[in-house]
Amino acid sequence: MAQPERPLSPFLHYRWQYTNALSILHRISGVLLSGCFFLLVYWLAAAASGPQAYAGALRCLASPLTQFVLAGGLFAFCYHLLNGIRHLCFDAGVGFELATARKSGWAVAIGAVVLGAAAWLVLRGCLGGAV
Amino acid sequence: MSLRSPLGAVLGLGSAKGGSAHWYGQRVSAVALVLLGLWFLLSLACLGAADHAAVVAWLHLPLSSALAVLLVVVAAHHAHLGLQVVVEDYVASKGTRVAVLLAIKFALVAAALIGVLAVLRIALGAAA
């Protein structure tokens, strides 16, 4: 018996293009940044608990795993920041034309990589990495 | 005149006339976080090597502690609004969805409170 042709949910056959790739990246970076929020609170709480607790927290933040998470968080921050501004412009009705939206999408992707790398080089010392 | 029954609205089968507040709140907190996030990263860069005395001295300044409290509160709010949308979109089972949403809310409120109290403790404590 042949299977009847049924319509698929849209997300099962959307092809990947810059629009939905940037959109899902915005969500993924947002979820990652929510995780980094807990690291920020941990850092503040350690600073409030005194020099010894703070030194212990910095050692913990300097571990390769947290350094990897923090570096990812920094790139996520840069991407979420730039793409967030892009979406705020969309919400204001600016830059919605297809050619403009494609250009701003590329600018956001490239800008996030450049800004993230620069921020990591500057901030590595403050985030417990190699000083 | 609405053609929908009050029961339908109450059972969650449509707009409860509250969606725009969520949408708008996410945008307002986003604008605030553009400023607060850039301020925080620039402050970190200016702190240089992150030794304890430098962090305490920094959070002792009234402007720094005020902005740090704002950052913690607004970031928690924005994270809550965003994670809520993600969970509502991807978690199909109603029971799991409610449990995850509650867990996220509790965790973020607790973390925000800890963050605010930590900043206040440094700001109102003895100078480094």
Side-chain angles (χ1 to χ4, degrees), chain A residues 11 24 26-58 61-62 70 73-74 77-78 80-88 90-92 115-116 118-131, chain B residues 23-24 26-31 33-35 37-38 40-56 58-59 65 68-69 71-72 75-76 78-83 85-87 89-90 104 107-108 110-125 128:
Chain A
F11 73 92
I24 197 67
H26 197 72
R27 289 198 157 188
I28 292 171
S29 58
V31 172
L32 184 60
L33 283 171
S34 306
C36 289
F37 173 72
F38 291 94
L39 286 179
L40 168 71
V41 168
Y42 171 64
W43 181 72
L44 286 172
S49 306
Q52 279 179 337
Y54 186 74
L58 272 201
L61 289 177
L70 284 174
L74 207 50
F77 175 84
C78 294
H80 206 83
L81 173 76
L82 293 176
N83 201 44
I85 293 172
R86 179 169 171 259
H87 272 278
L88 285 172
F90 286 167
D91 293 334
L115 199 62
W120 179 245
L121 286 179
V122 173
L123 290 175
R124 212 160 37 139
C126 323
L127 298 174
V131 182
Chain B
W23 186 91
Y24 195 65
Q26 197 157 28
R27 269 76 190 162
V28 172
S29 55
V31 174
L33 281 176
V34 170
L35 305 170
L38 286 175
F40 179 68
L41 286 193
L42 285 177
S43 302
L44 272 189
C46 292
L47 273 179
D51 73 300
H52 184 253
V55 175
V56 169
W58 169 57
L59 283 177
S65 44
V69 167
L71 173 69
V72 168
H78 189 77
H80 180 239
L81 294 174
L83 289 177
V85 174
V86 171
V87 169
D89 277 357
Y90 300 129
I104 286 172
L108 281 171
L113 191 57
I114 293 169
V116 169
L117 288 177
V119 173
L120 289 182
R121 191 170 163 189
I122 297 173
L124 304 176

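- For the residue pair S34(A) and A79(B), the shortest heavy atom distance occurs at OG-CB, 3.6 Å.
- When heavy atoms are compared at a cutoff of 4.5 Å, R121(B) approaches chain A solely by way of its side chain, counted from C-beta outward.
- Of the atoms belonging to F77(A), it is side-chain heavy atoms, and not backbone ones, that fall under 4.5 Å from chain B.
- The structure places CZ of F38(A) at 9.0 Å from CD1 of I114(B), a figure rounded to the nearest 0.5 Å.
- In terms of the side-chain hydrogen bond (donor to acceptor under 3.5 Å, both in side chains) criterion, residue partners of S29(A) (sequence neighbours excluded) are, by chain and number, H80(A).
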Subject >> Worked check of side chain to side chain contact (heavy atoms under 4.5 Å, CB included) between L41(B) and V122(A) >> reply: CA-CA 10 Å; L41(B) 286 193; V122(A) 173; over 6 Å; no
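- Counting all heavy atoms, side chain and backbone alike, L123(A) lies closest to A45(B) at CD2-N, 3.4 Å.
- Between L58(A) and H52(B), the closest side-chain pair of non-hydrogen atoms is not below 4.5 Å.
- Looking at L82(A), neither its backbone nor its side chain comes within 4.5 Å of chain B, counting heavy atoms on both sides.
- Contact detail for G115(B) and V41(A): the closest heavy-atom pair is N-CG1, 3.8 Å.
- Both the backbone and the side chain of V34(B) come within contact range of chain A, each with at least one heavy atom under 4.5 Å from a heavy atom of that chain.
- The most heavy-atom pairs under 4.5 Å with chain B, out of L88(A), D91(A), L40(A), V31(A), come from D91(A).
- Between W43(A) and F40(B), the ring planes are perpendicular. Angles over 60° get that label, and only those under 30° would be called parallel.
- Contact of V72(B) with chain A is made through backbone and side chain together, with heavy-atom distances under 4.5 Å.
- Residue L117(B) does not touch chain A at all, counting heavy-atom pairs closer than 4.5 Å.
- Of the atoms belonging to I85(A), it is side-chain heavy atoms, and not backbone ones, that fall under 4.5 Å from chain B.
- The shortest side-chain heavy-atom distance between L38(B) and L81(A) falls under the 4.5 Å cut-off.
- Of the listed residues (G50(A), G30(A), A46(A), A45(A)), the one with the most heavy-atom contacts under 4.5 Å to chain B is G50(A).
- Interface remark: A68(B) contributes no atoms to any contact with chain A (heavy atom separation under 4.5 Å).
- H87(A) is linked by a ring pair (Phe, Tyr, Trp, His ring centres under 6.0 Å) to H26(A), F90(A), counting only residues two or more places apart in sequence or in another chain.
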